[in-house]
Peer 1: 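Quick one: structure below, then a few questions.
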Amino acid sequence: MTDQAFPTAPRRSRNVPLSKIALRWGLYLILCVFALYYLMPLFVMLTTSLKSIEEIRSGSLVALPRDITFDAWATAWSGACTGIQCEGLRPYFWNSVLIAVPAVILSTGIGALNGYVVAQWRFRGANLFFSLMLFGCFIPFQVVLLPMARVLGLMGIAGTIPGLIFVHVIYGIGFTTLFFRNYYVSIPSELVKAAKVDGAGFFRILWSIFLPLSLPIIVVTVIWQFTQIWNDFLFGVSFSQAGTQPVTVALNNIVNSTTGIKEYNVDMAAAIIAALPTLLVYVVAGKYFIRGLTAGSVKG
Amino acid sequence: MAPILDIKNLYKSYGATEILKDINVAIEPGDFLVLVGPSGCGKSTLLNCIAGLEPISGGSIDIGGQDMTDVSPKDRNIAMVFQSYALYPTMTVAKNITFGMKVRGVDQATQAAKLAEVSAQLQIEPLLNRRPGQLSGGQRQRVAMGRALVRDPKLFLFDEPLSNLDAKLRVEMRTEIKKLHQNLGASMVYVTHDQIEAMTLATKIVVMKDGIIQQIGTPSEIYNHPENLFVADFMGSPAMNLIPARTQKKDGGTQIEIASATGKPLLLTDTTHRNLPDDVIIGLRPEDIAEAGYRSGQNVQTAHCMIDVVEPAGADTFVVSHLGGKEVTARLHAETTACAGQPLEFAFDLGKVSYFEPNTGERLN
Ligand SMILES: Nc1ncnc2c1ncn2[C@@H]1O[C@H](COP(=O)(O)OP(=O)(O)OP(=O)(O)O)[C@@H](O)[C@H]1O
Ligand SMILES: [Mg+2]
């Protein structure tokens, strides 16, 4: 539009002063340096995991591997020792999946329901309710450890995977409610009114009108929750027992419990395996994540 | 017959602010009630209260003889068109229109038939597979109408349903609504800012200001007998001329004295005997002031006035002059020879005059 409004205005890209170009390139340079700095550890991890233990000991840390070998990955996946057992990460990886998937689905679902109620069905005390929910987001993990252990014990699910799912769902609800509430307040309340006149009830309106609008915020919530739950260590180590530990705890055990020579390549491979799902989620859905974070502020 | 909608002593406040104050309205089956009033006077709020979408703070609402005060919107048997359209953004136009029927479990065949009928009526057949985001404002408005028309409710509530249409479409839709009203005998409550819409559609007009009803009446009552200065000024375009004047009894009639720009007061004699205070405001519609010789009647008086502005408007020519410190508009025939800066002899039809008390604004005759 503006281009057409001022057809005689000089094109931006021409006649740009030299100092501006220098500034631009300087900026790129700095950004590249930072990018390299952040990519360096990943690079070292990746190359180290592909080296044999002899090569690690003889060569430099940043050198590329001479003979690429996937032995370390295989060991990390199914042979590395976590204490007395030597089954690798595999069983714990599945534990994490079994914890994260239901916990993400449940906490996202409950968050959507809560957000919908707080944003569109304003009841007496809705603001107080929401403030308390928000407060829940900022309670440090450590504070809830003991009460939570007691509750899990009373419920008879201490040390089990359902117990860990329960913990993560409870702790996640504050955040998921916040996300959905902020997304839903920007939806005009006339939509609910129109649907009410059309005869739809509470759940019908949520299902037919709000959820179809919610893809961006669902993606944001799922990424956030998945990352939180997958990467969690404290709850995992506190509320699990042998056989129900998540992958983060197992990774710690592999790295810390190796007797004799330290197998850096196996440690690195294990760390990458443990981090892979969250990386994958970002790669697949990161685009929607950015979009979802800025959505809601723009009226659809 | 029992009124289809009966509102008694309705109050509505948001927190400490009272929005609607002591509203009393009843409409008979088949009535077309038009709500008018300045922006922010509470028209949409009143519709929301009738629909049950906002809780009321006092009074009662009956629909079809049943007390609806605590009944949920879906059980009130109403259909509503919202000012902001409120179309469901993720559904196609067709789904938007049939959603209400789907929720109520109407069978597929009936849904399809109703959809076809309504979309033909509203000329939206080519749009049925689009989403609301892909429609223009006027198209959205018609879809919103469609969503209400597919239902067969006791009462229709329309909140400015035609405000975004172009002039031609608006006239067409107005006729459609009028037909709909006549054919279905449906009862309607209709909010509009458009004077012509109000006058042509209504069987009853309610004029509101600051949440208080100023007058309820037929279009002709509202137009010809406004109850107070607010209604007189609000209804009609161009507005009624409201001119400060002094009156005194004379020869069994009333002499009206209006200050004029020339210094010499303008004297008119209303032949009807009236009991009026000395100071009044007289109200005369522009069409009740004509060029001398074009209006006759026993209570028509002529007088010369200086013309300030001449505004030809096609069928009529509006002429503005200055009387009693106010601009006075007269609606003359199109071929008038009046020209600005020259005097013209006007015919004032005092059979149509309204008198108002200057302080309270209440009608005196
Ligand atoms: N949810 C609300 N909370 C507080 N005040 C409100 C609320 N909704 C409306 N109001 C106020 O109530 C008054 C009446 O609003 P309403 O929407 O009924 O006006 P309206 O007559 O429909 O105006 P318009 O012609 O502009 O649509 C306004 O002063 C408005 O600010
Ligand atoms: Mg309104």
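Every chain is numbered from 1 and lettered A, B, ... according to where its sequence line falls, protein lines coming before strand lines.
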Peer 1: For B/E54, is it the side chain, the backbone, both, or neither that has a heavy atom closer than 4.5 Å to a heavy atom of chain A?
Peer 2: side chain
Peer 1: For B/R151, is it the side chain, the backbone, both, or neither that has a heavy atom closer than 4.5 Å to a heavy atom of chain A?
Peer 2: side chain
Peer 1: Does any backbone or side-chain atom of A/S208 lie under 4.5 Å from a heavy atom of chain B? Answer side chain, backbone, both or neither.
Peer 2: both
Peer 1: Please classify the contact of B/L157 with chain A as side chain, backbone, both or neither, using a heavy-atom distance under 4.5 Å.
Peer 2: neither
Peer 1: Using the side-chain hydrogen bond (donor to acceptor under 3.5 Å, both in side chains) definition, which of the options B/R174, B/E197, B/E160 pairs with B/T192?
Peer 2: B/E197
Peer 1: Which side-chain N or O atoms in residues 100-108 of chain A pair as donor and acceptor under 3.5 Å with protein atoms at least two apart or in another chain?
Peer 2:
unit_1	atom_1	unit_2	atom_2	d
A/S107	OG	A/A103	O	2.8
A/S107	OG	A/V104	O	3.3
A/S107	OG	A/Q225	NE2	2.9
A/T108	OG1	A/V104	O	2.6

Peer 1: Flag the pair B/Y190 / B/F156 as yes when their ring centroid distance falls below 6.0 Å, and as no otherwise.
Peer 2: no
Peer 1: Is A/K193 close enough and on-axis enough to A/W121, meaning under 6.0 Å and within 45°, for cation-pi?
Peer 2: no
Peer 1: Tell me, for B/N48 versus chain A, whether the close heavy atoms (under 4.5 Å) come from the side chain, the backbone, both or neither.
Peer 2: side chain
Peer 1: Report yes if the side chains of A/M133 and A/N114 come closer than 4.5 Å at any heavy-atom pair, otherwise no.
Peer 2: yes
Peer 1: Using 30° and 60° as the class limits, which term best fits the ring planes of A/Y171 and A/F175: parallel, tilted or perpendicular?
Peer 2: tilted
Peer 1: Are A/W230 and A/F226 an aromatic pair by the rule of ring centers under 6.0 Å?
Peer 2: yes
Peer 1: Tell me, side chain or backbone of B/F82 under 4.5 Å from chain A's heavy atoms, or both, or neither?
Peer 2: side chain
Peer 1: Does any heavy atom of chain A fall under 4.5 Å from the side chain of B/A144, the backbone, both, or neither of them?
Peer 2: neither
Peer 1: Looking at B/A51, B/G100, B/P153, which has the largest count of heavy-atom pairs under 4.5 Å with chain A?
Peer 2: B/G100
Peer 1: What part of B/M91 is in contact with chain A, defined as an atom under 4.5 angstrom from a non-hydrogen atom: side chain, backbone, both or neither?
Peer 2: side chain
